[in-house]
There are 2 protein chains.
Amino acid sequence: MATSQSASPVRLAAETWEALFRAQVAVMRRLQSGPAFRKLAVNEYDVLFTLSRCPSGWLRLNELNDNVLLSQSSLSRLVERLEKRGLVARMPAPEDGRGVLLKLTDEGRELQKEIGREHVRDISALVAPALTPDEQKELRRLTDKLRNSL
Amino acid sequence: MATSQSASPVRLAAETWEALFRAQVAVMRRLQSGPAFRKLAVNEYDVLFTLSRCPSGWLRLNELNDNVLLSQSSLSRLVERLEKRGLVARMPAPEDGRGVLLKLTDEGRELQKEIGREHVRDISALVAPALTPDEQKELRRLTDKLRNSL
DNA sequence: CCAAATTAGATGCATTTGCATCTATCGACG
DNA sequence: CGTCGATAGATGCAAATGCATCTAATTTGG
C-alpha cells in the first residue's frame with residue numbers, strides 16, 4: 001500500500017487549490033457582510049482600489065478587467081455606474097481610438113480611502129489572529145508566486 | 001524613519017489578503033473559462049462537489065451555504081434549478097420541520113464526476129508548474145489554518 | 001496600401017443575484 | 001403549556017451579470 005493520501009501530484013494540486021478557494025470564500029463572506037461595504041459593492045470598491053494604486057492615475061478598461069472576476073460586459077456597466085455616481089472619470093485613450101482610460105475623481109478617491117481604512121481594519125481582525133507574521137509573509141509569497149506564474 | 005514597508009501588522013495582514021485574493025481571482029478566471037464548465041456554472045458545480053464529499057449523502061441547505069459565496073436566497077434558487085435539471089433531490093429534514101435535506105441523484109453524481117475529472121486536470125495544469133510540492137503543501141496548510149481560525 | 005482578422009468596448013436580452021420580506025417551525029422562558 | 005424571539009427556507013422585485021452580438025479602431029499579411 002504505497003498510495004498515501006496526497007501521493008499524486010494532481011491530487012495535491014487539487015487539494016491545494018481547494019484549500020485556497022475555501023479560505024478565500026470564508027474570509028470574503030465575512031468581509032463583504034461587514035459595514036465597510038454599505039455604500040459600495042466589493043467589486044465596485046475593488047475597481048476604485050485598483051485605480052488608486054495606479055501610478056499614472058489612468059488605467060485602461062481592459063487592464064482593469066484582469067484584476068476583477070467579472071466579464072467584460074459586466075465591468076463595462078459597473079464602470080458606467082461608477083461614472084454616473086461621480087466616482088470615476090473617463091477619457092478616450094490617446095494612443096488607441098478604441099480604448100478608454102479611467103481615473104478616480106476626487107470624490108472617488110475620498111470614498112476609496114474611507115472604505116479602505118475600514119476594510120483594512122476588518123482584514124487585519126481576521127488575518128492577524130489566524131497566522132503569525134512569518135506565516136503571513138509566506139502565504140503572501142506563495143500566492144504571489146502562484147499568480148505570477150500564470 | 002523606522003517605518004519600513006510592511007512593518008505594521010495591519011498592513012502585513014492587508015497585503016497578505018490581497019495576494020491571496022488576487023491569486024484566487026487569477027486562477028478562477030482561467031478555470032471557469034475552460035471547457036469543464038460548459039454544462040454547469042462554477043457555483044452549481046461547487047454544490048454538486050460539496051454534496052459528493054458528504055459522508056451521509058444528505059446535507060442541509062444552510063450547511064451548504066457556508067461553503068459557497070452566495071446569499072441564502074440565491075442558493076435556494078440555485079438548488080431549485082439543480083432539482084429541475086434532475087441533478088439533486090430534496091427531502092424535508094426529519095428532525096427539523098423547517099429544514100431541507102439535499103442529495104445528489106445518480107445523474108448529478110455522474111455529472112459531478114465528469115466535470116470533476118476535467119476540473120482537476122485544469123487545476124493541476126495551473127498549480128503544479130507554479131509551486132513545488134512542498135510549497136503546495138505549505139500553501140494548503142496556511143490557507144486551512146486561516147479558514148479554521150475564523 | 002488594402003482586405004481580413006483581431007481587439008476594445010458598448011448594448012440587447014435572458015438569467016442570476018441580493019435585499020427585503022414572508023411563512024413555518026423551533027427553542028427558550030415565564 | 002403558551003407566548004415570543006430566533007432560525008430555515010421561499011418568494012417578489014429590482015439590480016447585477018454573462019452571453020452573444022455589434023461598432024469602430026487597430027494590426028497583420030499579401
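The chains referred to below are lettered A, B, ... by the order of the sequence lines, with proteins before strands, and numbering in each begins at 1.
In the hydrophobic clustering of ILVMFWY residues, with side-chain heavy atoms under 4.5 Å counting as a link, B:Val10 and A:Ile123 come out apart. B:Val68 and B:Leu78 end up in the same hydrophobic cluster when Ile, Leu, Val, Met, Phe, Trp and Tyr side chains are linked at under 4.5 Å.
Residue-environment remark: CG (A:Asn148) exceeds the threshold of 12 foreign heavy atoms within 6.0 Å.
In this structure, A:Asn43 places its CG atom 10 Å from C1' of D:dA16, rounding to the nearest Å. A:Leu70 has its CG atom 9 Å from the C1' atom of D:dA16, to the nearest Å. When rounded to the nearest whole Å, the span between CD of B:Gln32 and P of D:dT17 equals 13 Å. The interatomic distance linking B:Leu82 (CG) with C:dT17 (P) rounds to 10 Å, in whole Å. For the pair A:Leu102 CG and C:dA8 P, the interatomic distance rounds to 15 Å; values are reported in whole Å. Look at CG on A:Leu40: it is 14 Å from C1' on D:dA16, rounded to the nearest Å. Between B:Glu44 atom CD and C:dT17 atom C1' the separation is 12 Å, expressed in whole Å.
Contact annotation for B:Leu75: no contact, since no heavy-atom pair falls under 4.0 Å across all strands.
The aromatic ring centroids of B:His119 and B:Phe49 lie 6.0 Å or more from each other.
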- line: Quick tally for nucleotides 7-15 of chain D: nucleotides whose base has a protein heavy atom under 4.0 Å get B, sugar-phosphate-only ones S, the rest -, giving BSBBBBB--
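Between A:Leu69 and A:Gly97, the residue whose closest nucleotide on DNA chain D is further toward the 5' end is A:Leu69.
Within the structure, side chain to side chain donor-acceptor pair (under 3.5 Å) contacts touching residues 19-39 of chain B (residues at least two apart or in different chains) are A:Asp46-B:Arg22, B:Glu18-B:Arg22, B:Lys39-B:Glu114.
B:Glu118 has no carboxylate O lying under 4.0 Å from a charged side-chain N of B:Arg121, or vice versa, which leaves the two without a salt bridge. For B:Arg85 and B:Glu107, the salt-bridge test fails: no basic side-chain N is under 4.0 Å from an acidic carboxylate O.
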task: Take A:Val47 and A:Leu75 through the side-chain contact (heavy atoms from CB on, under 4.5 Å) test and state the conclusion after the steps.
output: CA-CA 9 Å; A:Val47 165; A:Leu75 178 62; 4.0 Å; yes
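When the local axes at the two ends of the helix from C:dC1-D:dG30 to C:dG30-D:dC1 are compared, using 5 base pairs at each end, they differ in direction by 30° after rounding to 10°.
Between A:Asn65 and C:dG9 there is no side-chain N or O to OP1 or OP2 distance below 4.0 Å.
A donor-acceptor contact closer than 3.5 angstrom is absent between the side chains of B:Ser73 and B:Ser76.
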